Number of protein chains: 2
Amino acid sequence: MKLSTKGRYGLRAMIDLASHMDEETVSLSSIARRECISESYLEQLASSLKKAGLVTSSRGAQGGYRLGRDASEISVGDVLRACEGSTDAVSCPGLKSESAGKESGCAGAEMCVSKYVWEKINTAITDTVDGIYLSELVKESRKARTGHPDELPGCAAGGKR
Amino acid sequence: MKLSTKGRYGLRAMIDLASHMDEETVSLSSIARRECISESYLEQLASSLKKAGLVTSSRGAQGGYRLGRDASEISVGDVLRACEGSTDAVSCPGLKSESAGKESGCAGAEMCVSKYVWEKINTAITDTVDGIYLSELVKESRKARTGHPDELPGCAAGGKR
DNA sequence: TTTAATCCTAGTATTTTACTTGGAATTAAA
DNA sequence: TTTAATTCCAAGTAAAATACTAGGATTAAA
């Protein structure tokens, strides 16, 4: 039951981008550097985020990315879904989230009680991630940073895995 | 962010076992048959469940498994943790759930705002799975079954993947 | 002594993850 | 007009994780 690097890096990147909305554009290379994420890997995430409308881009020198809408209107759920495809911990036909008509899969769909559990887990996750917005995280981040203004990360220790 | 077959099969198996507590012992082969799970794969889950004290076993002919304690005292969380190791969607040093002292990993641990998000996701999941007990599921299952007493699963359609 | 079961260790095919590579296209600035 | 900085795109790939299978050894009831 793990969130992959896509979701984890994706959120970090979006928080970083949101924290630099004073700048005209933000290049992937700068995000990658600050967040200790491989730039070419970030490209893939950027592509997903763009498809989802969460960021816009301008090409060429001095180009880069901007948020697609205000940070207060982008939820963590939006980001994770864009990067991971879905935030469901279990997806099986017959669950509400998959509105694939009929019980197309599981043997004896209405007898599958665990379905009930998966549904609860999925809504718990969804409710949580849809209730947190980038704007809050940016605020939190600034607070933390001003508390320790001297500490500047550096990639060596972590970030990768 | 997917729950693996271990957790999914594990819970199904435990519900099945809990539904047959009138019998002396329940063999893996019978669970495997009813739940459409490979018996040899189930053995591995049974071993984890036993280590966690969620089931007890007796060897030899006529042997089999029983619940380690009452179904009302075994939560879905207990089962999932036994099978999957943890129910955390993200584990990184610095999170409460990992009480590994110091910020042993992430660059600039206190600046990592996403930590705050992972924590919320993890608690949401934990709270959910720790609040559902096998006894409820058995009851639900019986209700569903008596509603459609004629339907008997059969493995063909699903169960595997 | 046969048979039905748990128990145990290891192997393996497949899938997924986490990247990298090698460019092409676009645009601002020199 | 060239150069440099950037996004964009499609494939390839090594390593890890997943979802099993195989082959027994052990135990105990019938």
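All figures in this text were calculated on a predicted structure; none of them were measured in a lab. Numbered from 1 within each chain, the chains take letters A, B, ... in sequence-line order.
Under 4.0 Å is where a charged nitrogen must lie from a carboxylate oxygen, and between B:K143 and B:E140 at least one such pair does. With respect to the salt-bridge test (charged N to carboxylate O, under 4.0 angstrom), the residues A:D130 and A:R81 qualify. Salt-bridge annotation for B:E35 and B:R12: present, with a side-chain N of the basic residue lying under 4.0 Å from a carboxylate O of the acidic one.
Checking D:dA5, D:dA29, D:dA19 against the side-chain heavy atoms of B:S4 singles out D:dA19 as nearest. Ranking C:dT21, D:dA30, D:dT6 by closeness to the A:S27 side chain, first place goes to D:dT6. Distances were taken from every side-chain heavy atom of A:E43 (C-beta onward) to each of D:dT7, D:dG23, D:dA29; the shortest belongs to D:dT7. Comparing C:dA18, D:dA4, D:dC8 against the side chain of A:R8 picks out C:dA18 as the nearest. Side chain of A:S38, nearest nucleotide from C:dC7, D:dC8, C:dC19: C:dC19.
Atom CG in A:L45 sits about 10 Å away from atom P in C:dC19, given to the nearest Å. Rounding to whole angstrom units, CZ of residue A:R59 and C1' of C:dA24 are separated by 8 Å. The distance between atom OH of A:Y41 and atom P of C:dG22, rounded to the nearest whole Å, is 20 Å. C:dT15 atom P lies 17 Å from atom NZ of B:K2, rounded to whole Å. Across the protein-nucleic acid pair, A:Q62 atom CD and D:dT3 atom P stand 18 Å apart, rounded to whole Å. The CD atom of B:Q44 sits 16 Å away from the P atom of D:dG23 (whole-angstrom rounding). To the nearest angstrom, P of D:dT6 lies 16 Å from CZ of A:R66. Atom C1' of nucleotide D:dT6 and atom CZ of A:R33 are separated by 13 Å, given to the nearest angstrom.
Taking every heavy atom of both residues into account, B:E84 and A:M1 meet most closely at OE1-N, 3.4 Å.
Under the side chain to side chain contact (heavy atoms under 4.5 Å, CB included) rule, B:H20 has a single partner from B:V138, B:T25, B:V26, which is B:V26.
Dashed line: the shortest gap from a side-chain N or O of B:Y65 to OP1 or OP2 of C:dC7 is under 4.0 Å. Between A:K6 and C:dT17 there is no side-chain N or O to OP1 or OP2 distance below 4.0 Å. Between B:S40 and D:dT21 there is a side-chain polar atom (N or O) within less than 4.0 angstrom of OP1 or OP2. For the OP1/OP2 pair of C:dC19 and a distance below 4.0 Å, the side-chain nitrogens and oxygens of A:Y9 include at least one atom meeting the criterion.
Residue contacts for B:S57: at a heavy-atom cut-off of 4.0 Å it reaches the sugar-phosphate backbone alone, with no base atom in range. As judged by a 4.0 angstrom heavy-atom cut-off over every strand, A:K51 is placed among residues making no nucleic acid contact. B:S58 comes within 4.0 angstrom of the backbone, heavy atoms only, and of no base.
No hydrogens or angles considered: a donor-acceptor pair under 3.5 Å links the side chains of A:D78 and A:S75.
Closest-nucleotide positions on DNA chain C for A:E39 and A:G60 were compared, and the one nearer the 5' end corresponds to A:E39.
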